[in-house]
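Reviewing the structure listed below.
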Amino acid sequence: MFKKVLIAEDYEITNLSVQRVLQELNIHNVDHVYYCDDALAKIKKGIREKEPYDLLITDIYFEEDHYTQQIKDGKELIVHAKLEDPTLKIIVFSGENRSGAIDSLFSDYYIDGFVRKARYDGKELNLAINSVYQNRQHLSTELQQSVKKINAYELSNYDTDLIKLLAKGVLQKDIPEYLKNKNIKPNSLSSIEKRLSHIKMSLDVNSNEHLIAFCKDLGLI
């Protein structure tokens with residue numbers, strides 16, 4: 001089992017809850033911090049003293065307060081931590097519920113496990129720690145299904161550009177001008193209308209407003 005673990009979590013109660021899960025797993029060499037800057041400092045210190053951490057458990061969102069921080073959130077912390085120690089295992093323990101955002105943590109930030117803060121998150125975190133220790137990625141069955149659903153859509157960059165423009169309040173009839181200014185093709189109104197109709201049919205939504213809400217909920221835009 002992991003020998004040395006670092007917890008980065010800005011809520012004291014949650015921090016204590018994670019410590020309790022680690023104690024149940026007989027992991028006693030545990031440090032905890034409330035700020036990302038402090039987390040990175042401890043990771044660097046562990047490496048300097050040849051006593052590196054085996055596992056980082058971090059939240060994604062950290063509330064700002066009167067202490068000015070260089071590292072604003074858990075994503076930045078993950079990037080810096082991986083640069084310092086590419087072998088460091090990372091589990092994200094967060095209230096994030098957008099499937100697209102969760103999928104991005106694995107595909108873009110190369111985390112090893114994700115546990116959503118919820119009613120039985122202690123048991124799920126226990127499972128995640130055991131799985132990651134055995135070099136297996138961990139994501140609950142429920143979240144796996146929603147992430148698979150996301151990946152099935154396969155929206156292109158062009159598709160997301162169109163949806164993002166709609167989300168910014170650009171009228172469909174005005175989109176051609178925006179695309180022409182950025183030299184994005186096809187940019188005729190008819191091609192844009194056909195593409196948006198195809199996207200809505202594929203995703204089983206019936207209006208541009210529904211399409212925007214759907215993609216935001218899933219973290220696609």
Side-chain angles (χ1 to χ4, degrees), residues 1-2 4-11 14-15 17-18 21-22 25 27 32-33 36 39-40 42-43 52-62 71-161 163-164 202-203 213-221:
M1 183 47 69
F2 293 110
K4 187 177 181 184
V5 179
L6 176 62
I7 306 166
E9 166 61 57
D10 57 346
Y11 283 9
T14 305
N15 210 316
S17 296
V18 176
V21 172
L22 293 170
L25 291 167
I27 302 173
H32 57 92
V33 295
C36 293
L40 184 60
K42 282 189 172 293
I43 289 170
Y53 291 95
D54 304 307
L55 173 66
L56 167 65
I57 300 175
T58 182
D59 197 352
I60 288 297
Y61 304 109
F62 288 75
I71 303 175
K72 302 297 184 182
D73 59 31
K75 290 181 180 179
E76 287 186 39
L77 173 59
I78 290 167
V79 171
H80 285 286
K82 285 287 190 181
L83 286 174
E84 295 295 331
D85 184 359
T87 67
L88 179 65
K89 299 290 188 181
I90 297 177
I91 293 175
V92 170
F93 185 46
S94 171
E96 176 62 73
N97 60 8
R98 296 172 301 157
S99 302
I102 295 169
D103 184 46
S104 174
L105 291 171
F106 286 93
S107 60
D108 299 330
Y109 293 87
Y110 308 107
I111 68 169
D112 300 283
F114 178 90
V115 176
R116 180 186 289 166
K117 292 177 179 177
R119 185 164 294 157
Y120 301 108
D121 52 19
K123 292 181 180 178
E124 192 67 36
L125 184 58
N126 188 307
L127 290 172
I129 293 169
N130 277 287
S131 295
V132 171
Y133 178 70
Q134 297 174 47
N135 294 316
R136 299 196 310 265
Q137 285 188 337
H138 180 87
L139 188 62
S140 70
T141 303
E142 173 194 355
L143 292 176
Q144 284 178 30
Q145 294 303 317
S146 59
V147 166
K148 284 179 182 178
K149 189 178 180 183
I150 286 274
N151 293 332
Y153 296 142
E154 296 182 353
L155 291 180
S156 67
N157 290 335
Y158 179 77
D159 296 337
T160 55
D161 284 340
I163 300 169
K164 285 177 181 178
S202 299
L203 300 180
F214 181 86
C215 291
K216 282 184 176 179
D217 286 345
L218 295 178
L220 296 174
I221 61 171

Task: Within 6.0 angstrom of K123 NZ, more than 12 heavy atoms from elsewhere - done: no
Open item on the list: What's the separation between atom CD1 in I102 and atom CD in E96, rounded to the nearest 0.5 Å?
Closed with: 6.0 Å
- [ ] Determine, stepwise, if the pair I71 / L40 fulfils side-chain contact (heavy atoms from CB on, under 4.5 Å).
- [x] CA-CA 9 Å; I71 303 175; L40 184 60; 3.5 Å; yes
Open item on the list: Looking at Y61, I'd like to know if its OH atom is crowded, meaning that more than 12 non-hydrogen atoms belonging to other residues, nucleotides or ligands lie closer than 6.0 Å.
Closed with: yes
Task: Atom pair OH (Y53) and CG (L88), whose distance is rounded to the nearest 0.5 Å - done: 10.5 Å
Task: Minimum heavy-atom distance L105-F114, with the two atoms named - done: CD1-CD1, 3.8 Å
Open item on the list: Treating K89 as the side-chain partner and L56 as the backbone partner, does any N or O pair qualify as donor plus acceptor under 3.5 Å?
Closed with: no
- [ ] Taking D112 for its side chain and Q137 for its backbone only, find out whether a donor-acceptor pair lies under 3.5 Å.
- [x] no
Open item on the list: Could you check whether any side-chain N or O of N130 sits under 3.5 Å from a backbone N or O of N126, counting only pairs where one atom can act as donor and the other as acceptor?
Closed with: yes
TODO: For residues I78 and T58, determine if any side-chain heavy atom of one lies less than 4.5 Å from a side-chain heavy atom of the other.
DONE: yes
Open item on the list: Looking at every non-hydrogen atom in both residues, tell me the closest pair between S94 and I60 and how far apart they are.
Closed with: OG-CB, 4.0 Å
- [ ] Working to the nearest 0.5 Å, report the span between CG of D161 and OG of S156.
- [x] 8.0 Å
Open item on the list: Could you check whether K117 pairs with D59 (Lys NZ or Arg NE/NH1/NH2 to Asp/Glu carboxylate O, under 4.0 Å)?
Closed with: yes
TODO: Rounded to the nearest 0.5 Å, what's the gap from CD1 on I43 to NZ on K82? Could you check?
DONE: 10.5 Å
TODO: Give a yes or no on whether the backbone of M1 and the side-chain of Y133 come within a donor-acceptor separation of less than 3.5 Å.
DONE: yes
- [ ] For residues F62 and D10, report the shortest heavy-atom separation together with the two atoms involved.
- [x] CA-OD2, 3.2 Å
TODO: Start with the C-alpha gap between I111 and I91, add the side-chain angles, then the distance that decides, and say whether side-chain contact (heavy atoms from CB on, under 4.5 Å) holds.
DONE: CA-CA 6 Å; I111 68 169; I91 293 175; over 6 Å; no
TODO: Compare every heavy atom of C36 with every heavy atom of G74, then report the nearest pair and how far apart it is.
DONE: N-SG, 4.2 Å
Task: Atom pair CZ (F2) and CG (L55), whose distance is rounded to the nearest 0.5 Å - done: 4.5 Å
Open item on the list: Applying side-chain contact (heavy atoms from CB on, under 4.5 Å) to I57 and L6, what does each step give before you reach the verdict?
Closed with: CA-CA 6 Å; I57 300 175; L6 176 62; over 6 Å; no
TODO: Check the side chains of T160 and N157 for a donor-acceptor pair under 3.5 angstrom, ignoring hydrogens and angles.
DONE: no
Open item on the list: With rounding to the nearest 0.5 angstrom, report the CG to CG distance, L125 to L25.
Closed with: 8.0 Å
TODO: Indicate the atoms forming the closest heavy-atom contact of E9 with N15, along with that distance.
DONE: O-ND2, 3.0 Å
TODO: For S140 and H138, work out which heavy atoms get closest and say how close.
DONE: N-NE2, 4.2 Å
Open item on the list: Under the criterion side-chain contact (heavy atoms from CB on, under 4.5 Å), I'd like the reasoning laid out for F93 against V18: C-alpha separation, chi angles, the key distance, then a yes or no.
Closed with: CA-CA 9 Å; F93 185 46; V18 176; 3.7 Å; yes
TODO: For side chain to side chain donor-acceptor pair (under 3.5 Å), just list the numbers for D108 and S104, CA-CA rounded to whole Å, side-chain angles, deciding distance to a tenth of an Å, and then say yes or no.
DONE: CA-CA 5 Å; D108 299 330; S104 174; 2.8 Å; yes
TODO: Count the heavy atoms of every other residue, nucleotide or ligand shown that sit under 6.0 Å from OH of Y110, and state whether that count exceeds 12.
DONE: no
- [ ] Would you check if L22 and I129 make a side-chain contact, meaning some heavy-atom pair closer than 4.5 Å?
- [x] yes
